[in-house]
Amino acid sequence: MITLDPSRRRVLGGAAAATLGAALGLQGRPASAQHNVRFSTGTAAPTFKVPPNTADCHFHIYDNRVPPAAGGLPAPDATPDDYRALQARLGTTRGVVVQPSLYGTDNRPTLAGMAALGPNFRGVAVVTPAVSDAELQRLHGLGIRGIRFNLAQAGTTTLDMLEPLSQRVDALGWNCQINMPGDKIVAASDTFLKIRGKLVFDHLAHCPQPGASRATRSS
């Protein structure tokens with residue numbers, strides 16, 4: 001065994017539109033600030049300086065020592081060191097490590113990544129209703145602050161798990177993160193409107209372009 005350390009209606013009606021923050025303080029960085037980073041195109045440093053305490057709200061850690069869940073396809077290692085290189089290039093100081101679908105409910109890569117990256121990082125795990133209260137408390141102590149439902153494809157989590165799990169994690173102050181195409185979010189709006197806790201629609205709710213902007217203006 002491998003051991004690793006460790007109003008909402010408006011959103012739904014508009015296919016969960018999201019806004020990206022504008023770049024602040026335009027200024028170039030010297031050549032010494034350029035980086036060659038795995039999984040990132042180009043080497044030039046950003047042309048703007050990010051504000052203090054800027055957080056990367058979503059990235060994954062992959063570790064080939066951990067086997068994929070049933071049906072999962074192996075992915076190249078993407079390590080905390082790889083992310084630190086990207087972080088140095090971008091200038092961010094905080095982040096959220098999100099459990100990738102590849103590992104199902106085996107949250108070890110995410111927990112190990114958080115531990116390696118340090119106290120400025122939090123995580124989003126994947127669990128099912130079978131998870132114990134003791135395990136949720138353990139995950140909380142390790143920095144997990146949300147659970148992910150990948151409903152864009154068949155896998156570990158399903159829509160009917162959302163309501164019972166949301167009630168349990170809401171008591172911990174966590175959110176439920178939904179990865180689901182925008183049209184399916186709208187179709188499942190009755191389910192989402194029942195949730196009293198916090199919902200995060202992942203990947204900008206997969207709003208297609210250019211239709212998403214028209215749908216947002218008309219909502």
Exercise. Does one side chain, of Arg89 or Ser40, offer a donor that lies under 3.5 Å from an acceptor on the other?
Worked result: yes
For this session: For the residue pair Trp174 and Ile147, establish whether any side-chain heavy-atom pair is separated by less than 4.5 Å.
Result: yes
Exercise. Roughly how far, to the nearest 0.5 Å, is the CE atom of Met114 from the CG atom of Asn120?
Worked result: 11.5 Å
Problem set entry | Between OG1 on residue Thr157 and CG on residue Leu165, distance to nearest 0.5 Å | 9.5 Å
Exercise. Any ion pair linking Arg148 and Asp202 (charged N to carboxylate O, less than 4.0 Å)?
Worked result: yes
For this session: Go through the side-chain N and O atoms of Thr110 and Asn107 and say whether any donor and acceptor fall under 3.5 Å apart.
Result: no
For this session: Could you grab the distance from atom SG of Cys176 to atom CZ of Arg168, nearest 0.5 Å is fine?
Result: 11.5 Å
For this session: Working to the nearest 0.5 Å, report the span between OG1 of Thr156 and CG of Asp106.
Result: 10.5 Å
Seminar exercise, completed: Between the CG atom in Leu117 and the CD atom in Gln87, the distance rounded to the nearest 0.5 Å is 7.0 Å
For this session: Before giving the answer on side chain to side chain contact (heavy atoms under 4.5 Å, CB included), spell out for Ile178 and Leu151 the whole-Å C-alpha distance, their side-chain angles and the decisive distance to 0.1 Å.
Result: CA-CA 7 Å; Ile178 312 300; Leu151 305 176; 4.3 Å; yes
Exercise. Can you tell me how far the OG1 atom of Thr158 sits from the CE atom of Met161, to the nearest 0.5 Å?
Worked result: 4.0 Å
Exercise. Would Asp56 and Tyr83 satisfy side-chain hydrogen bond (donor to acceptor under 3.5 Å, both in side chains), going step by step from the backbone distance to the final call?
Worked result: CA-CA 11 Å; Asp56 181 344; Tyr83 185 75; 2.9 Å; yes
